Undergrad: 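Have a look at this one.
By convention in this document, chain letters (A, B, ...) are assigned in the order of the sequence lines, proteins followed by strands, and residues within each chain are numbered from 1. Model, not experiment: these values are computed from the prediction.
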Amino acid sequence: MSEEPTEELDDRAGLADHPLTAVRLEKLNEFRSRGLDPYPHTFHRDASAASIHESHPGLEPGAETGEMVTVAGRLLNVRSFGKLRFGVLQDHSGQIQLFVSKAVLGDAAFEIFDLIDNGDWVGAHGEVITTKKGELSIRVDRFDLLAKSLRPLPDKWHGLQDQERRYRQRYLDLTVNEEARATALARIATVRSLRRSFEERGFLEVETPMLQVKPGGALAKPFVTHHKALDLDMYLRIAPELYLKRLIVGGMDKVFEINRNFRNEGIDTTHNPEFTMLESYEAFADYEDVMAMTEQVVAAAANDVTGSSVVMYQGQPVDFTPPFRRLSMLDAVNEQLGLGLAYDTSLDELRRIAGDLQIKVESSWGPGKLIAMLFEATVEDRLWAPTFVIDYPVEVSPLSKRHRTDPDVTERFELIVAGRELANAFTELNDPAEQRRRFELQAAARAAGDDEAHPIDEDYVRALEYGLPPTGGLGIGVDRLVMILTDHASIREVVLFPHLRPE
RNA sequence: GGGUCUGUAGCUCAAUCCGGUAGAGCAGCGGACUUUUAAUCCGUUGGUUGUGGGUUCGAUUCCCACCGGACCCA
């Protein structure tokens, strides 16, 4: 790519037509007319706002440290006093005041400084001092415009309030809203904590296909795309599960992956079409082992991100201190409804109870699906403290191993926190014959119109035929964990670029 | 898919209930000022009230449709 210097701005955006942007364009042109480059290629700094604050604590007013620093960031909130200027330089680490004096800079440079607007990117060099009022500052003796902001930033005091713009133009949100920066950093800290927990336990981080021919590993509608050279419909993955278990077949004892899943479903406060999942698989472990690990990993994340294992969420405490409560799905439903249901309760009875609860029952549902729906409708959103709901019906768990003593259920748990599913895990089904039967049941449901039913994956069954050792698997919804750790009710607050309708 | 709310200056918000051609603060622009911290003071510019229709002498306001957004329900 070659790029000619743009002497005349190509103003298709109409910047010259609005007074607030026109004046910035004029200053840009004034810069150029003085032979200065408003968009230089590079700038070398040797300090950050935070590093300067850290290395100069508690200085007296009027102090001169003799230390020279070079910093770079956005210039905000310039205050003008005759032959003095104060401004705030904001970089990734925080803010440091710039003290700009005509006496230090000289007339010519001081005049050029006034061509810089709030929001411009600036590099500055000078001595670390404190002002008469004691504010740690850089007494600027040299500065460079690093990039012009041709558009004015949102209000310096109120920030950017409009939610739609906060999501569509996250760069503005991050620039002016401290809260947005804190949330972004908390998300990064969460992922770092999770990654460290798994690495400490000897798990290997792997990458598996995002483009899949069989969208398996979960019950959900996929996004469809097309591979031209192969003339083949492909799907963005709804889960990495089946590939990760293939790696266990291949002898990689402990693996995990943190990355995006895609589900072609509605968008609301807890669902983004692409979301981040952590999945892990451990050979020779069962769901009890996974439960014990899960509560440790989640509690560690809470501590790493918030400094406490008790987190305030939407005004109520959530205590992540292990061990978490364990509760079977059937007991949970019976406890809530005051009934004595079982997996051999008649379909008529279960349908009647579900109907009474305004659940739209489908004729294909067996007792397991009905009880799972009763659970979702009556119990799930009431579980606030971290709770392992265990022993899910076989019918809704096509990839889970049957319970060792109760043939109606599988060795599966979901971790429910604040009424939402935070994790899903099971002792993996590793009997290829049973896996094939489960897939065939799913295929029947699919043929009956259930487009979220699991497709048959022949190669996955073939892999099981080579032998999947006993394995415990886990999926953690990273976005939802971040929501709880940052006290946000909407997933859009914890995803940097959430999906909205295009402008 | 259904319901409720919402869109006004670059930003944050008034005026809308009860129709009479939109105000403020900040930002911007001009001026004063060598120690500010949302600086202060004086002056000043800035609006197709989301879009399109309808009712009306007159619509930001009432009605309809559409385009976005928020929340609740399914």
Undergrad: What nucleic acid atoms does A:Lys102 come within less than 4.0 Å of, heavy atoms only: base, sugar-phosphate, or nothing?
TA: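 No contact at all - A:Lys102 keeps every heavy atom at 4.0 Å or more from the nucleic acid.
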
Undergrad: Could you state the atom-to-atom distance from CG of A:Leu160 to P of B:rC11 in whole Å?
TA: 8 Å

Undergrad: Run the salt bridge (charged side-chain N to carboxylate O under 4.0 Å, His left out) test on A:Arg165 and A:Asp173 for me, step by step, so that the C-alpha distance in whole Å, both residues' side-chain angles and the decisive distance to 0.1 Å come before the verdict.
TA: CA-CA 8 Å; A:Arg165 281 191 72 199; A:Asp173 193 27; over 6 Å; no

Undergrad: Would A:Thr183 and A:Val494 count as a side chain to side chain contact (heavy atoms under 4.5 Å, CB included) if you check the C-alpha gap in whole Å, the side-chain angles of each, and the deciding distance to 0.1 Å?
TA: CA-CA 6 Å; A:Thr183 299; A:Val494 303; 4.1 Å; yes

Undergrad: Sticking with atom P, work out how far B:rU8 lies from B:rU61, rounded to a whole angstrom.
TA: 14 Å

Undergrad: Taking the P atom in each of B:rU51 and B:rG68, what is the distance between them to the nearest angstrom?
TA: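 Each nucleotide's P atom is 15 Å from the other's.
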
Undergrad: Quick one about A:Asn261 and A:Glu274 (side-chain donor to acceptor, distance below 3.5 Å, no hydrogens or angles considered), yes or no?
TA: no

Undergrad: If I pick the P atom on B:rU60 and the same atom on B:rG23, what distance separates them, to the nearest angstrom?
TA: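 One P to the other, the span is 14 Å.
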
Undergrad: Using the C1' atom as the reference point in each nucleotide, state the distance between B:rA14 and B:rU49 in Å, no decimals.
TA: 13 Å

Undergrad: What's the gap between B:rU45 and B:rA24 when it is taken at their C1' atoms, as a whole Å value?
TA: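 Their C1' atoms lie roughly 16 Å apart.
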
Undergrad: Using the side chain to side chain contact (heavy atoms under 4.5 Å, CB included) definition, which of the options A:Leu76, A:Leu75, A:Asn77 pairs with A:Gln90?
TA: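 Result for side chain to side chain contact (heavy atoms under 4.5 Å, CB included) with A:Gln90: A:Leu76.
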
Undergrad: Give me the distance, rounded to whole Å, that separates B:rG10 from B:rC5 when you measure between the C1' atoms they each carry.
TA: 26 Å

Undergrad: Among side-chain atoms of A:Asn118 and A:Arg74, is any donor-acceptor pair under 3.5 angstrom?
TA: no

Undergrad: Kindly write out the residues that satisfy side chain to side chain donor-acceptor pair (under 3.5 Å) with A:His53, not counting sequence neighbours, or none if the list is empty.
TA: none

Undergrad: Which letters describe nucleotides 66-72 of chain B, given B = protein heavy atom under 4.0 Å from base, S = only from sugar-phosphate, - = neither?
TA: --SSSS-

Undergrad: What ring pair (Phe, Tyr, Trp, His ring centres under 6.0 Å) pairs are there with at least one residue in residues 119-164 of chain A, not counting sequence neighbours?
TA: A:Phe113-A:Phe143

Undergrad: Might you work through the salt bridge (charged side-chain N to carboxylate O under 4.0 Å, His left out) test for A:Glu111 and A:Arg34, ending with a clear yes or no?
TA: CA-CA 11 Å; A:Glu111 194 176 308; A:Arg34 289 167 187 252; 2.7 Å; yes

Undergrad: Side chain to side chain contact (heavy atoms under 4.5 Å, CB included), that's the test. Do A:Val71 and A:Ile138 meet it? Break it down for me.
TA: CA-CA 9 Å; A:Val71 294; A:Ile138 298 168; 3.5 Å; yes

Undergrad: If the sugar-phosphate is the primed atoms plus P, OP1 and OP2 and the base is the rest, what is the B/S/- string for nucleotides 2-9 of chain B, using protein heavy atoms under 4.0 Å?
TA: --------

Undergrad: Specify the separation, in whole Å, of atom CG of A:Asp117 and atom C1' of B:rC29.
TA: 11 Å

Undergrad: After noting the C-alpha distance and the side-chain angles of A:Glu421 and A:Arg480, does the key distance pass the side chain to side chain contact (heavy atoms under 4.5 Å, CB included) rule?
TA: CA-CA 8 Å; A:Glu421 174 194 343; A:Arg480 290 180 179 183; 3.9 Å; yes

Undergrad: Evaluate salt bridge (charged side-chain N to carboxylate O under 4.0 Å, His left out) for A:Lys27 paired with A:Asp114, printing each intermediate quantity in order.
TA: CA-CA 9 Å; A:Lys27 290 175 184 172; A:Asp114 282 340; over 6 Å; no

Undergrad: I need the CD-C1' distance between A:Glu265 and B:rG1, as an integer number of Å.
TA: 16 Å

Undergrad: In whole angstroms, how far is the P atom of B:rC29 from the CD atom of A:Glu26?
TA: 10 Å

Undergrad: Can you see if the side chain of A:Lys27 gets near the phosphate of B:rC29 - specifically, an N or O under 4.0 Å from OP1 or OP2?
TA: yes

Undergrad: Let me have RNA chain B in dot-bracket notation, would you? Count Watson-Crick plus G-U wobble pairs, both distances under 3.5 Å, and use [ ] for pairs crossing earlier ones and | for inter-strand partners.
TA: (((((((..((((......[..)))).(((((.......))))).....(((((..]....)))))))))))).

Undergrad: So A:Phe413 and A:Phe388, would you call those rings parallel, tilted or perpendicular, with 30° and 60° as cut-offs?
TA: perpendicular

Undergrad: Between B:rA32 atom P and A:Lys83 atom NZ, what is the distance in whole Å?
TA: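 Roughly 11 Å, once rounded to whole Å.
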
Undergrad: Extract from the structure each pairing of a protein N or O with an N or O of nucleotides 37-43 of chain B at less than 3.5 Å, listing the distance.
TA:
residue: B:rU37; atom: N3; partner: A:Glu135; partner atom: OE1; Å: 3.4
residue: B:rA38; atom: O3'; partner: A:Lys156; partner atom: NZ; Å: 3.3
residue: B:rA38; atom: N6; partner: A:Trp157; partner atom: NE1; Å: 3.3
residue: B:rA38; atom: N1; partner: A:Trp157; partner atom: NE1; Å: 3.4
residue: B:rA39; atom: OP1; partner: A:Asn77; partner atom: OD1; Å: 2.8
residue: B:rA39; atom: OP1; partner: A:Lys156; partner atom: NZ; Å: 2.7
residue: B:rA39; atom: OP2; partner: A:Asn77; partner atom: OD1; Å: 2.4
residue: B:rA39; atom: OP2; partner: A:Asn77; partner atom: ND2; Å: 2.2
residue: B:rA39; atom: N6; partner: A:Ser80; partner atom: O; Å: 3.1

Undergrad: Does the side chain to side chain contact (heavy atoms under 4.5 Å, CB included) test come out yes or no for A:Glu376 and A:Asp381, once each step is laid out?
TA: CA-CA 8 Å; A:Glu376 282 183 26; A:Asp381 58 9; over 6 Å; no

Undergrad: Determine the Euclidean distance between corresponding P atoms of B:rC18 and B:rC11; express it in Å to zero decimal places.
TA: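 Between the two P atoms, the distance is 30 Å.
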
Undergrad: I'd like the C1' distance from B:rG52 over to B:rA39, given in whole Å.
TA: 47 Å

Undergrad: I need the CD-C1' distance between A:Glu64 and B:rU35, as an integer number of Å.
TA: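 The answer, rounded to whole Å, is 14 Å.
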
Undergrad: Would you mind telling me which residue lines up with the more 5' stretch of RNA chain B, A:Pro152 or A:Gly87, judged by nearest nucleotide?
TA: A:Pro152

Undergrad: Scan side-chain atoms only and decide if A:Asp348 and A:Ser346 contain a donor-acceptor pair under the 3.5 Å cut-off.
TA: no

Undergrad: Using whole Å, what does the distance between atom P of nucleotide B:rG28 and atom CG of A:Asp114 come to?
TA: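 Those two atoms, CG and P, are 11 Å apart.
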
Undergrad: When the distance from CG of A:Leu20 to P of B:rG10 is rounded to whole Å, what number comes out?
TA: 7 Å

Undergrad: Any cation-pi pair here, A:Arg170 with A:Phe497, using under 6.0 Å and within 45°?
TA: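 Pair A:Arg170/A:Phe497 does not count as cation-pi.
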
